[in-house]
Amino acid sequence: MKQCVSLHIVILLLSGFLASEVSGFSFPVPSIPHLDKATKAAKEVSRAQRPISDEEEYYIGRAVAAKILSSYPLLENRALTGYVNLIGQTIALHSDTPQTYGGYHFAILDTNEINAFACPGGTILITRGMISATRNEEELAAVLAHEVAHIHHRDGVASIKSTRWTEALTVMGVEATRSYTPAQVSQLVRIFEGSVEDVFKTLVVNGYGRSQEYQADETAMRALSRAGYNPASLRDFLLVLAAQGTTTSGGILKTHPGTAERIENSAHTMPSGKSDESTALARSARFNTALRK
Amino acid sequence: MIPRILITSLSLFILSTSVVLAETARIITKENALREQCRFFSPVKARMQYADVITVISKEGDWYRASFKGIEGCIHKNAIEEKSFTLSGISGTEKRSATNAEVALAGKGFNPQIEASYRHNHPDMNFRAVDLIEGYAVSETDLLDFINKGGLNRP
């Protein structure tokens, strides 16, 4: 009898275990008072290892964008901004992260510099100079796709020092509250400031690493192909920049792999796909209208 | 004796696994939509806000069929936090929702309160422009028209 009961329990536990595995969810366990402290500690460890939430990424991205926009003025041209947003939203919907906490937003910085920045969470800033350097909608889409890929891979927030997360988790504790004491706010703001600086330095000063750029190019070409743009447009635009010998102080071109290396890498990883030539005229016409070329 | 226990246990096992997708999940985007079909641009049946809790019925590729306030539709996997799902009651009739604590924890860390303090300390940061950028909206109609006229693919 004892064996039968044990068997029964094992099967029930197995069913619970499998159910949790099938769906990839956690299995709720009954609360045991003396384990509360251990559970809390385990929660802290688990949360220390978790990636930043979409909401937190959004707030860091807003601050990074605000910092960039305090150096570069925003181009308030609704027609051109609208056109860039239509291309960008099309690419985003074909990306592996079609939605973010606050959504994707594309805006133009009023400068001749050739650059683009992917702020964490989905705000993408592209310079007027970069837009002018593109020769067609496909190339403009390629630049935006590259930035969307950085959002997807969370390359911006990856540059935040891990010690900041550990510190933030210590301040936050495990209590379920959305508001903090003035002392906690002060500590978190300091960590927030540091995180914004980390991301800003990577985006504007140091640039991403080799693997991040290659990965973003590959991801961008897949999104271009899915959207119906020619994925080769990314390589074509990199060739244009290489021919111009364009250099910038940061952003898309300030990367550890040089433009020539990215061109070579893109040739190996380019997916198949071409744009619909029958509608090329329509794309060309709207590109020229938007850019007044 | 053993066969009867085995049959009972196996029945419970089958029952528990068959209802496993009747889960609750939390919306992790500021706002989102429950759509008629599991694809973008499909008509919107209901709108949801951050932290709203939906019941997930089944998975269809990158989409989930789910219900919200009694309305059934589809939502993209990016919009919900999969790890916030919880198992249904083992009887299959009682569903456990995300707890208040789970929902509250979602807003922890860098949140509006932290941004407000940061802005206070850094009045030179151009948040006005950021708000303006977030205010740009592309309607679904315009986006679909842009895709169609440009010979691009619908997502």
Task: Shortest non-hydrogen contact between A:P98 and B:H76, atoms and distance - done: CG-CE1, 3.4 Å
Open item on the list: Under 4.5 Å from any heavy atom of chain B, what part of A:S95 do you find: side chain, backbone, both or neither?
Closed with: neither
TODO: Pick one of side chain, backbone, both or neither for A:T100, based on which atoms fall under 4.5 Å of a heavy atom in chain B.
DONE: backbone
Task: B:V138 versus chain A, the contacting section by heavy-atom distance below 4.5 Å - done: side chain
Open item on the list: Which atoms of A:E57 are under 4.5 Å from chain B, going by heavy atoms: the side chain, the backbone, both sets, or neither?
Closed with: neither
- [ ] Check each atom of A:T81 against the heavy atoms of chain B and say whether the ones under 4.5 Å are side chain, backbone, both or neither.
- [x] side chain
- [ ] Supply the atom-to-atom distance B:E31 CD to A:Y101 OH, rounded to the nearest 0.5 angstrom.
- [x] 9.5 Å
Open item on the list: Any non-hydrogen side-chain atom of A:D54 less than 4.5 Å from a side-chain atom of B:N78?
Closed with: no
TODO: With a 4.5 angstrom heavy-atom cut-off, could you sort out which part of B:F40 is near chain A: side chain, backbone, both or neither?
DONE: side chain
Open item on the list: I'd like to check the ring-ring contact (aromatic ring centres under 6.0 Å, His included) partners of A:F192; sequence neighbours left out, ordered by chain and number.
Closed with: B:F110, B:Y118
Open item on the list: So for A:R78, is it side chain, backbone, both, or neither that comes closer than 4.5 Å to the heavy atoms of chain B?
Closed with: side chain
Task: Contact class of A:S195 relative to chain B, heavy atoms under 4.5 angstrom - done: side chain
- [ ] Side chain from CB out, backbone as N, CA, C, O: work out which of these in A:L125 comes under 4.5 Å of a heavy atom of chain B, or both, or neither.
- [x] side chain
Open item on the list: Taking the side chain as everything from C-beta on, heavy atoms only, tell me whether A:F106 gets closer than 4.5 Å to B:Y136.
Closed with: no
- [ ] Tell me, for A:L281 versus chain B, whether the close heavy atoms (under 4.5 Å) come from the side chain, the backbone, both or neither.
- [x] neither
Task: Side chains of B:F146 and A:Q89 in contact at under 4.5 Å (non-hydrogen atoms) - done: no
Open item on the list: So for B:R154, is it side chain, backbone, both, or neither that comes closer than 4.5 Å to the heavy atoms of chain A?
Closed with: backbone
Open item on the list: With a 4.0 Å cut-off on N to O distance, would you call B:R128 and A:E76 a salt bridge?
Closed with: yes
TODO: Decide side chain to side chain contact (heavy atoms under 4.5 Å, CB included) for B:H122 and A:E193; before the verdict, give the C-alpha distance in whole Å, the side-chain angles of both, and the deciding distance to 0.1 Å.
DONE: CA-CA 10 Å; B:H122 299 273; A:E193 282 168 344; 2.7 Å; yes
Task: Exercise: identify the closest heavy-atom pair between A:V185 and B:S117 - done: CG1-OG, 3.2 Å
Task: From B:Q113 atom CD to A:Q184 atom CD, the distance as rounded to the nearest 0.5 Å - done: 9.0 Å
Open item on the list: Would you say that A:T123 contacts B:I133 through its side chain, given a criterion of any heavy-atom pair below 4.5 Å between the two side chains?
Closed with: yes
Open item on the list: Measuring only between side-chain heavy atoms, which start at C-beta, is B:N153 closer than 4.5 Å to A:R226?
Closed with: no
Task: Evaluation steps, side-chain hydrogen bond (donor to acceptor under 3.5 Å, both in side chains), between B:E115 and A:Y58 - done: CA-CA 11 Å; B:E115 184 187 290; A:Y58 165 78; over 6 Å; no
Task: Residue pair A:T279 / B:K149, side-chain heavy-atom distance below 4.5 Å - done: no
Open item on the list: What part of A:A63 gets within 4.5 angstrom of chain B, counting heavy atoms only: side chain, backbone, both, or neither?
Closed with: both
Task: Minimum side-chain heavy-atom gap B:M125-A:R62 below 4.5 Å - done: no
Task: A:L74, part contacting chain B, at a heavy-atom distance under 4.5 Å - done: side chain
Open item on the list: Can you confirm whether B:L152 sits close enough to A:Y229 that some side-chain heavy atom of one is under 4.5 Å from a side-chain heavy atom of the other?
Closed with: yes
Task: Shortest non-hydrogen contact between A:R283 and B:G150, atoms and distance - done: NH1-O, 2.6 Å
Task: chain A contacts, top residue of B:D142, B:N121, B:I114 (heavy-atom pairs, under 4.5 Å) - done: B:I114
Task: Contacting region of B:L132 [heavy-atom separation from chain A under 4.5 Å] - done: side chain
- [ ] Go through A:N85, A:D96, A:T97, A:I68 and name the one with the most non-hydrogen pairs under 4.5 angstrom from chain B.
- [x] A:T97
